[in-house]
There are 2 protein chains.
Amino acid sequence: MIETKSTRLKTSKMKKGGDLTEQQLADLVETFKVLSDPTRIKIALTLTNNEMCVHDIAGATGISESAASHQLRILRSLRLVKHRRQGKQIFYSLDDHHIEKLIQVATEHIAER
Amino acid sequence: MIETKSTRLKTSKMKKGGDLTEQQLADLVETFKVLSDPTRIKIALTLTNNEMCVHDIAGATGISESAASHQLRILRSLRLVKHRRQGKQIFYSLDDHHIEKLIQVATEHIAER
DNA sequence: TACACATATGAACAAGTGTTCATATGTGTG
DNA sequence: CACACATATGAACACTTGTTCATATGTGTA
């Protein structure tokens with residue numbers, strides 16, 4: 001279904017969907033998608049100012065270690081968390097201050113409803 | 001599978017998943033989930049500093065009017081957009097500056113990769 | 001090397017999501 | 001009222017996603 005040029009809005013005010021490339025849009029979506037899961041938000045909050053191993057992350061967030069590992073893999077692939085090996089354990093911590101900022105702004109948002 | 005108290009982390013540094021209520025967590029998830037869809041981000045960007053009717057929103061974002069209406073319903077239910085009737089048309093605009101802020105921070109984030 | 005601990009991975013399943021198509025509701029005009 | 005325009009809604013479908021369970025990989029120690 002092809003839409004012809006609208007006559008309802010002055011062309012001077014026309015603004016294409018944000019002038020983003022498809023790649024930028026996909027990256028934005030991916031970023032928000034990572035945070036749109038309760039387990040991953042819990043992990044992110046848990047890791048705020050903390051460096052923790054998988055076992056403790058699982059315990060603190062109330063999920064299995066397997067589930068934690070799967071989610072940490074996702075967070076790692078998007079560079080939201082970094083890891084450091086110390087002996088048998090692997091310690092995770094936040095790798096991006098934007099994450100805390102995003103959660104903070106969103107928290108402000110939900111508080112104003 | 002019940003996890004016993006961990007001995008791997010000093011209890012003084014223990015921090016439960018962010019000290020949020022389940023409701024707050026659910027609201028946070030809902031907020032990010034709304035933005036984790038390319039169509040809705042396009043709509044949000046399109047509506048930044050613009051007030052537009054459904055037909056033009058559909059045109060600017062490249063989706064059908066039905067799809068736009070469905071998504072606007074979602075954005076409306078979460079108070080992200082507000083609407084104003086003028087004759088036969090309904091004009092939508094952003095209802096929350098936090099949305100622009102969230103997109104801005106996320107954009108900064110993806111730029112730093 | 002053999003073993004236990006710590007984490008990672010793969011397959012499979014249930015639950016959720018966004019679109020399309022058809023239809024309904026609401027609004028102004030003749 | 002009848003009609004066209006603008007938007008909304010419901011059902012159905014394909015697609016994605018997060019968990020669990022079982023198994024594999026990696027690491028330190030005896």
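We name chains A, B, ... by the order of the sequence lines, and we start the count at 1 in each one.
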ask   = Just how far, in rounded Å, is C1' of D:dA4 from NE2 of B:H55?
value = 15 Å
inquiry  = Can you confirm whether B:Y92 sits close enough to B:R76 that some side-chain heavy atom of one is under 4.5 Å from a side-chain heavy atom of the other?
reply    = yes
note = Contacts of A:S36 and B:A67 projected onto DNA chain D by closest heavy atom; the upstream (5') one is B:A67
ask   = Is there a side-chain polar atom (N or O) of B:Y92 under 4.0 Å from OP1 or OP2 of D:dA6?
value = no
message = Quick check: do A:M52 and A:L47 have side-chain heavy atoms less than 4.5 Å from each other?
response = yes
query = By centroid distance (under 5.5 Å) and plane angle (under 30°), are A:H70 and D:dT19 in a stacked arrangement?
reply = no
ask   = What does nucleotides 23-30 of chain D look like as a protein-contact string, B for base, S for sugar-phosphate only, - for none, at under 4.0 angstrom between heavy atoms?
value = ---SBS--
query = Is the count of non-hydrogen atoms from other residues, nucleotides or ligands lying under 6.0 Å from A:R84 atom CZ greater than 12?
reply = yes
A:I63 CD1 to D:dT20 P, straight-line distance once rounded to whole Å = 8 Å
query = Should B:R40 be listed as having a side-chain N or O under 4.0 Å from OP1 or OP2 of C:dG18?
reply = yes
request  = Send over the distance from B:Q71 CD to C:dT17 C1', rounded to a whole Å.
outcome  = 9 Å
remark   = Quick note, B:C53 side chain, CB onward, closest among C:dT20, D:dT7, C:dT9 is D:dT7
query = Is there side-chain contact between A:Q86 and A:F91, with heavy atoms separated by less than 4.5 Å?
reply = yes
ask   = Which one, C:dA8, D:dT19, D:dT7, comes nearest to the side chain of A:I90?
value = C:dA8
query = Tell me: NZ of B:K42 to P of C:dG18, nearest whole Å?
reply = 15 Å
key: Side-chain heavy-atom pair B:T31, B:L102 within 4.5 angstrom cut-off   = yes
task = Taking A:S69 for its side chain and A:S66 for its backbone only, find out whether a donor-acceptor pair lies under 3.5 Å.
result = no
query = Hey, does A:H109 have a side-chain heavy atom less than 4.5 Å from the side chain of A:V105?
reply = no
task = Take atom CZ of B:F91 and atom P of D:dA8, then tell me their distance rounded to the nearest Å.
result = 12 Å
task = Would you indicate, yes or no, if C:dA8 has its OP1 or OP2 atom less than 4.0 angstrom from a side-chain nitrogen or oxygen of A:S69?
result = yes
key: Atom-to-atom span, CD1 of B:I57 to C1' of D:dT7 - whole angstrom   = 11 Å
task = Round to the nearest Å and state the distance from B:K33 atom NZ to D:dG18 atom C1'.
result = 10 Å
inquiry  = Check the phosphate of D:dT19 against A:S66, side-chain N and O only, distance under 4.0 Å to OP1 or OP2. Yes or no?
reply    = no
query = Can you check side-chain contact (heavy atoms from CB on, under 4.5 Å) on B:R79 and B:D96, steps first, answer last?
reply = CA-CA 7 Å; B:R79 307 266 164 77; B:D96 192 324; over 6 Å; no
query = Do the side-chain N or O atoms of B:R76 get closer than 4.0 angstrom to the phosphate oxygens (OP1, OP2) of D:dT9?
reply = yes
ask   = Which whole-number value in Å describes the distance from B:L35 CG to C:dG18 P?
value = 12 Å
message = Tell me the closest heavy-atom pair linking B:R40 and B:V34, and the distance in Å.
response = NE-O, 2.6 Å
task = Mind grabbing the angle between the end helix axes of the helix from C:dT1-D:dA30 to C:dG30-D:dC1? Five pairs an end, 10° rounding.
result = 20°
request  = Compare side-chain N and O positions of A:T39 against OP1 and OP2 of D:dG18 and report whether any pair is under 4.0 Å apart.
outcome  = no
key: Side-chain touch B:L25/A:I41, heavy atoms, less than 4.5 angstrom   = yes
